[in-house]
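Computation of the quantities below employed the complete heavy-atom set of this structure, encompassing side-chain atoms and omitting hydrogens, waters and symmetry-equivalent molecules. Residues: numbered from 1 along the sequence shown. Nothing here was measured: the structure is a model prediction, and the numbers come from that model.
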Amino acid sequence: MFADQKIDYLPKDRFVDGSYQEHDKHAQIRQKRKWQILLVTFLSTAILMNLLVWLRPPIYQSQAILQFTSSNNLSTFDNALWQQAIEVTRQRLMSDGVLVGLSERLRQQHDINRQAPELIDMLSITSNLTSNVLILEAKGSEPEILSLIIETWISDYLANLKGESSSQNKDELNVIQQQLSVLHDKISNQRETIQDFAQLNQIISVERDENQILSKMKGLNLSLEAAENQKTEALAKLENLNQALEQGSVIERPSDTVTINALKAQLATIQSELKALKNKYTAEYLQRDPAIVAKQQEATDLEFKLKNIVNESQIANLTDNQRILEVAVSKAKLLRVQLSEQQQLAQQFNRKLEQYKGLEAELLELQRQEQVLKSRSVELELTRPFEANINVLEPASKAQYPIGPDYWRDSMLALALAAIFSLLALGLFSFIVRPKQTNQAAPNIVVVPHYGAKLNDDSTDSRTLMDKSLGSVASLALSDNTESKQTRILQSSEIKPLYQAANQQGKTLIGLILCGVALDEISKLSLADFSANFASLNISGDTPRKLQLPQPFVQYLVSCYASNDRSSPIIASRLSESDLNSLVINAAYDADLILPEQVSLFALRQSYIRFLIEQGVRLNDIELLCGYIAPAELTHFRQFKAKTLIELAEVKTDYPFLDS
């Protein structure tokens with residue numbers, strides 16, 4: 001549609017056997033069920049989860065504090081050793097052996113039946129390294145046994161700690177010291193080996209040298225590529241010069257152009273003077289006049305001199321290009337040699353670097369082994385009972401007040417989860433229970449157009465007229481072949497790729513339409529209707545006119561049809577109107593235009609007419625530029641009419657994309 005027309009629409013269901021009311025009824029039932037599922041799911045989930053929250057028993061806690069004090073031997077130890085001692089004690093307190101013994105002792109002394117896995121869940125240890133303390137905690141729902149568990153746990157561990165023999169630790173420490181001494185010697189030897197290898201192979205600067213090599217290789221690659229390009233260009237230029245000389249062309253050296261042009265100008269001046277004298281005097285007089293004879297001799301000398309200079313310039317030009325080619329070949333050869341040398345050097349550095357890294361890896365492994373043995377030695381020192389004292393700074397407290405759980409917080413989380421579950425249930429219900437889809441061939445929307453100003457003057461009259469039309473509209477909605485054909489107005493940004501994607505016939509067709517040729521005139525055109533240089537087109541018939549073609553399109557026509565018979569048609573006669581439309585549609589597909597099926601010859605013509613009208617051409621003058629147009633068709637372009645009208649002489653008839 002060319003003009004914007006307002007439309008109303010009505011659901012088609014209202015006109016088909018009263019199914020709209022049935023559809024509305026089912027929709028209300030489904031909506032009611034959705035509310036029911038939402039509320040029931042939310043309430044049931046919230047009640048169940050809150051029962052689980054509030055039925056949980058309260059959690060109590062009892063704790064004791066152990067402090068580490070130094071003896072005389074540890075008075076000079078640093079903080080790292082103290083931290084290791086505290087960590088070792090924490091790990092031993094939570095070890096399986098200690099917890100199994102604690103379970104057995106609780107059952108024998110206090111008749112408390114708790115297995116080791118249960119004790120792991122109940123007990124926890126927090127360390128404070130700044131104060132050298134361990135905080136032992138026991139959590140559970142039975143407050144009366146928590147303090148007994150912690151007290152038994154501490155007493156059992158301290159008793160076992162005192163019974164340990166220190167001699168075993170001393171023997172292991174002696175073995176570790178011997179191993180550390182051997183590792184120290186190996187590390188020293190390995191460091192010397194690495195240092196000697198680095199000095200011998202200059203490994204200290206291997207990374208810097210390797211980077212320089214890589215950078216130099218990159219620069220050589222670029223230089224080699226530039227030299228190859230220069231060689232190719234010089235070779236091509238030399239071949240072109242040789243071909244031009246073989247064909248008899250004059251190839252001047254750029255530096256000799258000024259001299260040659262000056263000689264040519266001087267020779268042309270003398271020749272023009274001689275020509276004027278020939279027209280004025282007889283041949284006998286010309287041969288006897290010394291001044292004229294001298295001028296003729298000067299012209300002969302200049303011709304001879306110009307010929308010699310041109311020949312010398314051509315030879316010098318060839319020599320210069322041959323020299324440039326030889327230099328480029330030599331440069332490329334030298335760069336290849338340098339690049340090969342750099343590659344070999346890079347390979348040597350890579351091998352040295354791999355060996356150096358292997359030696360460093362061996363050194364790191366020896367250092368790691370040394371560190372492991374040192375850590376083990378420190379651990380043994382910290383676990384010796386006479387090296388550190390463990391005192392009970394605060395005994396196990398009585399559990400009187402619950403520390404958890406937070407019932408109100410968990411209740412809020414339960415409500416949030418209930419809301420999520422109810423929404424999921426609603427979504428699942430909506431996915432499973434869907435409204436039935438009516439299988440109708442006709443669309444479910446009935447379009448009722450507004451008929452201009454009559455419907456806009458009075459809203460009551462508009463509604464009355466619409467109601468009177470409902471009967472005919474309903475019958476129209478039930479038909480299966482109702483279709484509203486729309487004509488597409490193309491923009492220059494769409495026509496340019498369309499023109500580029502078209503074949504020869506398609507480009508000719510598009511160019512003619514965008515120059516003002518009517519659709520019914522295309523099949524009647526022949527090459528004889530064009531001017532000799534294709535700059536203009538004479539159209540005869542009902543609307544005779546002369547069209548000036550844009551220069552880019554003229555160049556295209558000359559390149560395609562200059563050698564054809566002037567009596568042949570511009571468009572092949574075997575192509576029907578449908579075939580011509582198909583050419584344009586195929587080009588629209590190749591150009592990846594949106595909705596290519598809407599692109600047609602008619603759409604191109606309408607786009608060109610709109611282009612003219614938007615400039616200010618009168619509707620009644622369009623026919624003088626584009627040929628015959630039905631008056632009813634022109635009514636669609638009223639909305640595009642410019643505010644200021646112009647004369648036909650001022651109209652720009654070249655479509656924008658043809659100017660580029």
Side-chain angles (χ1 to χ4, degrees), residues 1-2 481-492 494-530 534 537-547 549-550 553 556-557 560-561 564-613 622-637 653 655 657-658:
M1 301 295 289
F2 295 97
N481 298 321
T482 301
E483 180 180 358
S484 176
K485 183 178 181 181
Q486 295 183 355
T487 302
R488 179 173 178 179
I489 299 297
L490 300 175
Q491 303 296 327
S492 59
E494 296 178 298
I495 296 180
K496 185 172 184 178
L498 176 68
Y499 179 82
Q500 294 174 349
N503 58 10
Q504 177 178 334
Q505 292 280 6
K507 289 182 178 179
T508 304
L509 190 62
I510 295 171
L512 290 175
I513 293 174
L514 295 179
C515 290
V517 180
L519 300 182
D520 56 351
E521 295 172 344
I522 293 177
S523 59
K524 303 175 184 178
L525 294 179
S526 65
L527 295 178
D529 296 325
F530 292 85
F534 289 89
L537 172 61
N538 294 316
I539 298 179
S540 58
D542 297 336
T543 54
R545 60 197 184 279
K546 184 176 182 180
L547 302 178
L549 306 183
F553 188 53
Y556 170 75
L557 292 176
C560 295
Y561 301 101
N564 292 6
D565 186 5
R566 298 291 293 181
S567 62
S568 59
I570 188 69
I571 299 296
S573 58
R574 67 177 181 276
L575 298 176
S576 62
E577 182 178 353
S578 176
D579 294 333
L580 298 180
N581 267 319
S582 298
L583 283 177
V584 177
I585 293 175
N586 292 339
Y589 274 102
D590 292 338
D592 293 331
L593 296 185
I594 299 174
L595 301 176
E597 291 293 342
Q598 293 184 3
V599 180
S600 63
L601 297 176
F602 187 70
L604 288 170
R605 179 166 171 79
Q606 301 301 313
S607 303
Y608 183 68
I609 293 173
R610 176 178 173 177
F611 163 68
L612 296 176
I613 291 176
I622 289 294
E623 191 171 310
L624 300 177
L625 299 175
C626 299
Y628 175 74
I629 302 174
E633 185 178 340
L634 284 174
T635 59
H636 299 300
F637 292 96
T653 59
Y655 200 78
F657 88 98
L658 292 176

Contacts of Phe534 that satisfy ring pair (Phe, Tyr, Trp, His ring centres under 6.0 Å) - sequence neighbours left out: Phe530
For Val517, does its backbone N or O pair with a side-chain atom of Tyr608 as donor and acceptor, under 3.5 Å? no
Does any N or O in the side chain of Asp590 come within less than 3.5 Å of the main-chain N or O of Ala502, such that one atom is a donor and the other an acceptor? no
Would you call [X] and [Y] a side-chain contact if the rule is heavy atoms closer than 4.5 Å?
X: Leu490; Y: Leu604; result: yes
X: Thr543; Y: Glu521; result: yes
X: Gln606; Y: Phe637; result: yes
X: Ile629; Y: Glu623; result: no
X: Leu583; Y: Leu575; result: yes
X: Asp529; Y: Ile539; result: no
X: Ser526; Y: Ser567; result: no

What is the distance from atom [atom1] of [X] to atom [atom2] of [Y], rounded to the nearest 0.5 Å?
X: Thr653; Y: Leu514; atom1: OG1; atom2: CG; answer: 11.0 Å
X: Asn581; Y: Asn586; atom1: CG; atom2: CG; answer: 10.5 Å
X: Ser578; Y: Leu601; atom1: OG; atom2: CG; answer: 10.0 Å
X: Ser540; Y: Arg545; atom1: OG; atom2: CZ; answer: 10.0 Å
X: Leu519; Y: Leu580; atom1: CG; atom2: CG; answer: 9.5 Å
X: Tyr655; Y: Ser607; atom1: OH; atom2: OG; answer: 5.5 Å

Please give me the minimum heavy-atom distance between [X] and [Y], naming the atom from each residue.
X: Ile585; Y: Pro596; answer: CG2-O, 4.0 Å
X: Cys515; Y: Pro550; answer: SG-CD, 3.5 Å
X: Leu593; Y: Pro497; answer: CD2-CG, 4.2 Å
X: Gly516; Y: Leu547; answer: C-CD1, 3.9 Å
X: Cys626; Y: Leu612; answer: SG-CD1, 3.4 Å

Going by atom types only, do Ser576 and Asp579 share a side-chain donor-acceptor pair under 3.5 Å? yes
Evaluate whether atom CG of Asp542 has more than 12 neighbouring non-hydrogen atoms of other residues, nucleotides or ligands under 6.0 angstrom away. no
State plainly whether the residues Arg605 and Glu633 are in salt-bridge range, i.e. N to O under 4.0 Å. no
All N/O donor-acceptor pairs, side-chain side in residues 504-513, below 3.5 Å, sequence neighbours left out:
unit_1 : atom_1 : unit_2 : atom_2 : d
Thr508 : OG1    : Gln504 : O      : 2.9
Thr508 : OG1    : Tyr561 : OH     : 2.8

Once the angle between the rings of Tyr499 and Tyr556 is folded into 0 to 90°, is it parallel (under 30°), tilted (30 to 60°) or perpendicular (over 60°)? perpendicular
CA sep, side-chain torsions, deciding dist, call: Glu494, Arg488, salt bridge (charged side-chain N to carboxylate O under 4.0 Å, His left out): CA-CA 11 Å; Glu494 296 178 298; Arg488 179 173 178 179; 2.6 Å; yes
